[in-house]
Amino acid sequence: MSSNQSLSNLDLSVLWHPCTQMKDHETFPIIPIKKGQGIWLEDFDGNRYLDAISSWWVNLFGHANPAINAALKDQLDTLEHVIFAGFTHESAVKLAEKLVEITPEGLNRCFYADNGSSAVEVALKMSFHYWRNLGQIQKTQFITLENSYHGETLGALAVGNVSLYKETYAPLLMDVITVPGPDCYHRESGESWSDYSTRRFTLMEQALQQHSDTVCAVIIEPLVQCAGNMRMYDPVYLKLLRAACDKYHVHLIADEIAVGFGRTGTLFACEQGAISPDFMCLSKGLTGGYLPLSAVMTTDQIYQAFYADYQSMSAFLHSHSYTGNALACRAALATIDIFQQHNIIRKNKSLADSMAKAAIRFHDHPNVSEVRQTGMILAIELVKNKRTREPYPWQERRGLKVYQYALSKGVLLRPLGNVIYFMPPYIVTEEELLLIAEVAWQGIQHAVKD
Ligand SMILES: *Cc1c(COP(=O)(O)O)cnc(C)c1O
C-alpha cells in the first residue's frame with residue numbers, strides 16, 4: 001500500500017519534474033495524487049485538493065469525466081493508434097471536420113502535432129515554408145510581443161519573451177523582433193483597455209512597416225498572456241493587427257493553446273476581435289485535459305502553396321510519431337461534444353460573473369494592485385506597495401507562500417510569481433468559487449504578513 005511518504009520518497013529518488021528546482025523538495029513535499037474526480041484531486045493519505053488551475057490549464061470538464069471516459073473506453077477497444085502518414089482513422093477525420101467547423105472562418109485545414117510547443121514549431125515552419133514556396137526566400141524572421149510565451153522547445157522558446165524561461169538558453173535561440181506589448185497593466189490611470197491597446201499598436205505598426213520584407217509572421221497569444229503573469233489586453237489589438245498583417249503581407253499566428261476552448265469567454269479568443277488568423281495553434285483544453293494533442297489550423301491558401309508534384313520539393317515534411325493519436329482525437333471529440341450539448345459558452349458567462357463577485361474584496365486589499373479578468377481567467381496582482389505598484393522582490397517567493405497555504409487548506413492554486421490566478425474547470429460551482437476566493441484571501445494574508 002502506497003502512502004504519500006512512500007511514493008514521494010520513491011519519486012524523488014528517480015524522477016526529475018518539469019519547471020522545478022528539485023532541491024525545493026527537500027523542504028516542500030511533493031504530492032502524490034491517487035485519483036481525480038470532478039474538480040477534486042485526492043492524495044494517498046486521503047487529503048483532497050480543489051483543482052483551481054485545471055491541472056496547468058488543461059482540464060475543462062473535471063477529472064474522470066464520465067462522457068470522456070466512455071468515449072475513450074470505446075476508442076481503446078477499437079484503435080489506439082496508427083501511423084498517420086499514408087493512413088488515417090475515423091476520430092482524426094471527425095475531429096478535423098469539427099475543428100474546421102468551430103474555428104474562425106477560413107481555417108479549413110488541420111495539421112496535428114502532439115503538444116503545444118510542437119504546434120508552435122509547426123506554425124513557424126509552415127509560415128516560413130509558405131513564403132519560400134512562393135519564392136520569397138528573404139522572409140526568415142518572426143515578430144513577437146514582449147512578455148509572450150509560446151512553449152519550451154527551442155523555436156517556441158525563441159519567439160517567447162519570458163526571461164525566466166528564456167535567458168539561460170539565449171545563445172541557442174534564433175533572433176526575433178520583439179515589440180512592446182499591449183499589456184493593460186501598464187495603462188495610465190483613467191485610460192481604458194481599448195485606448196491603451198490601440199495606442200500601443202503603433203509600435204507594432206512601426207515594426208511591421210520597417211521589417212515586413214523579411215518577416216514571415218507575427219505570433220501572439222490573443223487577449224491573455226497567460227504564462228506572462230496573466231496579463232491582458234483589449235480585442236481591438238487583434239483587429240488592428242489583422243489589418244496590418246494583411247497590409248504588410250505578413251502571416252498572423254494566433255497561439256490559442258491556453259486561451260482557446262472558452263477560457264476568455266468565447267470559444268476562441270480571436271472571435272472577440274472578429275478576426276481569422278492565418279494559423280491557429282490549439283492544445284491544452286483540446287482533449288479536455290486527458291491526453292497530449294495539438295492542432296494547427298490554417299487556410300486553403302497556405303495549404304495550396306504546398307500542394308504540387310513531389311519533385312517540386314514543396315511538401316511539408318514534418319512529423320511526430322504520435323501525430324493524430326486516436327485516443328487523443330477521440331478525447332477531443334468528446335470534449336467538443338460537451339461544449340455543444342451543454343451550451344457551455346453561455347453557461348460560462350454567469351460562471352465568470354460569479355468569479356468576479358467572489359473576487360470583489362481583493363480590489364481593496366492593501367497588497368493588491370490589480371484584479372483583472374477576461375472570461376474564465378481571473379488574476380490578482382500582489383505588490384509590496386499598492387500606490388506605487390512596487391512589486392515584492394521575486395526572491396521572497398510570496399506567491400509560493402500562497403501556494404503552500406492554499407494546499408494546506410485543500411485548494412490547488414499555483415501563482416505565477418506574485419500573481420495569484422483562478423482558472424478552474426468549467427464544472428466549478430458558485431460555492432467552490434467562494435471557497436477558492438476565501439482560501440486565496442487567507443493565503444495572501446499569510447504571505448504578506450512579514
Ligand atoms: C502551454 C503553452 C504552450 C506550450 O504548450 P506545451 O504543451 O506545454 O508544450 C504554448 N503556448 C501557450 C500560449 C501556452 O500557454
Side-chain angles (χ1 to χ4, degrees), residues 31 33-43 45-69 224 226 230 258-259 261-265 267 284-285 287-290 335 338-339 341-363 365 368 371-382 399 401-416 419-447:
I31 300 170
I33 293 300
K34 185 174 182 184
K35 62 180 213 169
Q37 186 64 59
I39 203 166
W40 293 96
L41 298 166
E42 190 180 318
D43 71 17
D45 292 349
N47 304 303
R48 296 192 338 138
Y49 309 91
L50 192 158
D51 189 354
I53 57 151
S54 302
S55 283
W56 250 350
W57 321 343
V58 299
N59 192 290
L60 301 186
F61 300 117
H63 299 275
N65 180 283
I68 305 174
N69 284 7
V224 186
C226 293
M230 299 293 168
V259 296
F261 295 98
R263 287 292 178 196
T264 67
L267 190 55
K284 293 210 163 102
T287 63
Y290 267 66
T335 300
I338 297 175
F339 272 102
Q341 283 178 14
H342 299 274
N343 231 322
I344 298 300
I345 295 301
R346 188 171 56 73
K347 282 190 189 151
N348 278 0
K349 290 199 195 325
S350 67
L351 215 45
D353 288 344
S354 302
M355 191 146 77
K357 281 203 199 91
I360 224 155
R361 63 198 288 209
F362 291 91
H363 290 267
H365 192 285
V368 170
V371 179
R372 53 182 174 270
Q373 184 178 9
T374 299
M376 290 297 291
I377 307 172
L378 186 140
I380 298 160
E381 186 100 19
L382 213 56
K401 291 183 181 149
V402 178
Y403 169 74
Q404 290 172 325
Y405 179 88
L407 272 183
S408 76
K409 300 291 171 195
V411 175
L412 168 52
L413 293 168
R414 198 176 193 276
L416 291 152
V419 173
I420 293 103
Y421 66 90
F422 308 155
M423 196 156 162
Y426 307 152
I427 53 159
V428 70
T429 64
E430 281 193 36
E431 298 75 57
E432 286 160 352
L433 285 170
L434 292 171
L435 172 66
I436 295 168
E438 176 58 29
V439 169
W441 178 270
Q442 290 171 17
I444 289 173
Q445 296 300 77
H446 170 75

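Side-chain atoms are counted along with the backbone in the values below, which use heavy atoms only and exclude waters and symmetry mates.
Residues passing the side-chain hydrogen bond (donor to acceptor under 3.5 Å, both in side chains) test with Tyr49 are Asp43, sequence neighbours excluded. Annotation: side chain to side chain contact (heavy atoms under 4.5 Å, CB included) contacts of Lys409 (sequence neighbours excluded): Tyr405, Val439, Gln442. Shown here are the salt bridge (Lys or Arg N to Asp or Glu O under 4.0 Å) partners of Arg372, two or more places apart in sequence or in another chain: Glu370, Glu381. Under the rule for a salt bridge (Lys or Arg N to Asp or Glu O under 4.0 Å), Glu430 has no partner lying at least two apart in sequence or in another chain. Checked against salt bridge (Lys or Arg N to Asp or Glu O under 4.0 Å), Arg361 has the following partners two or more places apart in sequence or in another chain: Glu438. When the side chain to side chain contact (heavy atoms under 4.5 Å, CB included) test is applied to Ala440, the partners found at least two apart in sequence or on another chain are Phe362, Leu413, Ile420, Phe422. Contacts of Asn59 classified as side-chain hydrogen bond (donor to acceptor under 3.5 Å, both in side chains), with partners at least two apart in sequence or in another chain: none. Applying the side chain to side chain contact (heavy atoms under 4.5 Å, CB included) rule to Ala67 yields the partners Asn65, Ile338; only residues at least two apart in sequence or on another chain are considered. Taking Thr374 as the reference, nothing meets the side-chain hydrogen bond (donor to acceptor under 3.5 Å, both in side chains) condition, with sequence neighbours excluded. Ser55 is linked by a side-chain hydrogen bond (donor to acceptor under 3.5 Å, both in side chains) to Asp51, counting only residues two or more places apart in sequence or in another chain. Taking Glu432 as the reference, Ile39, Trp40, Leu50, Val428, Thr429 meet the side chain to side chain contact (heavy atoms under 4.5 Å, CB included) condition, with sequence neighbours excluded.
In this structure, CD1 on Ile377 lies 12.5 Å from CD1 on Ile53, to the nearest 0.5 angstrom. One finds the NE2 atom of His63 at 12.5 Å from the CD atom of Glu42 (value rounded to the nearest 0.5 Å). One finds the NZ atom of Lys284 at 12.0 Å from the CG atom of Leu60 (value rounded to the nearest 0.5 Å). One distance of note links CG of Leu41 with CZ of Arg48; it measures 10.0 Å at 0.5 Å rounding. Distance check, rounded to the nearest 0.5 Å: CD1 of Ile345 to OH of Tyr426 gives 6.5 Å. Remark: Tyr290 OH to Ile68 CD1 distance equals 5.0 Å, nearest 0.5 Å.
The two residues Ala52 and Val411 make their nearest non-hydrogen contact at CB-CG1, 4.1 Å. The two atoms that bring Arg263 and Ser54 nearest to each other are NH2-OG, 2.9 Å, heavy atoms only. Ala258 approaches Cys226 most closely through the heavy-atom pair CB-SG, 3.8 Å. In this structure, Gly285 and Thr335 approach most closely via the heavy-atom pair O-CG2, 3.8 Å. When all heavy atoms of Lys401 and Ala447 are compared, the closest pair comes out as CB-CB, 3.8 Å. Residue Gly443 comes nearest to Val402 through the heavy atom pair O-CG2, 3.8 Å, listed as atom of the first residue, atom of the second, then distance.
Applying the salt bridge (Lys or Arg N to Asp or Glu O under 4.0 Å) rule to pairs touching residues 343-356 yields nothing, sequence neighbours excluded.
When atom types are taken as modelled, the side chain of Gln373 and the backbone of Gly375 share a donor-acceptor pair closer than 3.5 angstrom.
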Can you check side-chain contact (heavy atoms from CB on, under 4.5 Å) on Leu433 and Leu351, steps first, answer last?
CA-CA 9 Å; Leu433 285 170; Leu351 215 45; 4.2 Å; yes
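At a threshold of 4.5 Å between non-hydrogen side-chain atoms, the residues Leu382 and Val368 count as touching. Between Phe61 and Phe339 there is a side-chain heavy-atom pair separated by less than 4.5 Å.
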